[in-house]
Amino acid sequence: MNSSSMKFFSIYLLMFLGCGSAVNDSNTNQSSGSLTTKHFAFTWNVDETSAEEIEYASGFCEKIYTEVANLIGEDRMPEGRIQVSFKGEGMQTNGRKIPPNVDSSGRINLYRFRQGGYLDAFAHELVHAIRINSIPNWERFFEEGFASAIADVVYPEKTGFPLFGYERSKITSYLMQQDYFISLSEMRLKHRELNLRCQLQTYIPREDFFCYLRETYGTEKLLEFSNSNRTNEIGLYEEIWKKSFDELETEWEKYTLELHSAEEVMRIGEEYFEKTSAKYIPICR
């Protein structure tokens, strides 16, 4: 968006918010705003989310949309606009965290966090929104890993959960050497039980594994797997990568453990748990 277009958008957005375009919700007594762009329909509570946040988000989301489309293919993108709701603070006063998510209708629900604001998780959630109602045999383990691997390409600047700015391979290696490490095989079989309850132990290694597959064997094979409509079949790993899931898991673990010195991994891992929000996230033992 050029400077003149941005200026026009800013004026339009402020007029939109201030001149009767917001509607009153009688149940909550809060005013809501809405805005449509080429690919998105945004909604928000004007008492929780500023015009500046929406202005920035509109450009950011369109940019990420374009980059995802370029990566996975325009033919894989939805026909209509994707709904995006900005829901306010993700950390509640009672200490409860509400994670960003995509609901069954395909709506992206975003929450603001200290690190990353509203948009840190957007690229990941966008992949879910694109696929949630178009992929048969939805397999949650793969979908989470695939979304992370695509988001890693289109938005490597991410600073929030789960890595909080730390190098993924070092934190993965650190986790691998802890007695509470959860293998990918167990994670895959028990996704519903483990994914959120043990989120540091699931999100980081799973992301690292699918990024490893992308980086080692190429993006095309990962996309071939994702487009197969058989992502729930463990045998598909061998068809695509010519190695069983167990063999790929073993290969990835060996590669990751050999990347960095044990001393460096231990130092960075301990620092990560001492200095970031990871220290507040429970570890499953």
Which residues share a salt bridge (Lys or Arg N to Asp or Glu O under 4.0 Å) with Arg81, sequence neighbours left out: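 With sequence neighbours excluded, Arg81 shows a salt bridge (Lys or Arg N to Asp or Glu O under 4.0 Å) to no residue whatsoever.
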
Looking just at side-chain N and O atoms, do [X] and [Y] make a donor-acceptor pair shorter than 3.5 Å?
| X | Y | result |
| --- | --- | --- |
| Ser244 | Asp246 | no |
| Ser34 | Thr43 | no |
| Glu139 | Thr231 | no |
| Tyr212 | Glu251 | yes |

Residue pairs, two or more places apart or on separate chains, that pass disulfide bond (SG atoms under 2.5 Å apart) and touch residues 62-147: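 Matches after skipping sequence neighbours: none remain.
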
Hydrophobic cluster identity match, Tyr180 and Leu257, side-chain contacts under 4.5 Å: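 Yes, because Tyr180 and Leu257 connect within a single hydrophobic cluster, where side-chain heavy atoms sit under 4.5 Å apart.
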
Cluster check Ile182, Leu189: I/L/V/M/F/W/Y, side chain < 4.5 angstrom: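 No, because Ile182 and Leu189 fall into different hydrophobic clusters, even though each may have its own neighbours under 4.5 Å.
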
Residues clustered with Tyr111, ILVMFWY side-chain links under 4.5 angstrom: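 Listed partners: Met91, Ile98, Phe113.
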
Nearest non-hydrogen partners of Phe86 and Thr49, listed with the distance: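 Shortest heavy-atom separation between Phe86 and Thr49 comes out as CB-OG1, 4.0 Å.
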
Pair Phe210 and Phe146, ring centroids less than 6.0 Å apart: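 Not under 6.0 Å, so no.
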
CZ/Phe181: more than 12 non-hydrogen atoms of other groups inside 6.0 Å: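 Yes, because the 6.0 Å sphere around CZ of Phe181 holds more than 12 heavy atoms from other groups.
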
OG1 on Thr202 to NE2 on His191, rounded to 0.5 Å: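 Separation between the atoms: 7.5 Å.
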
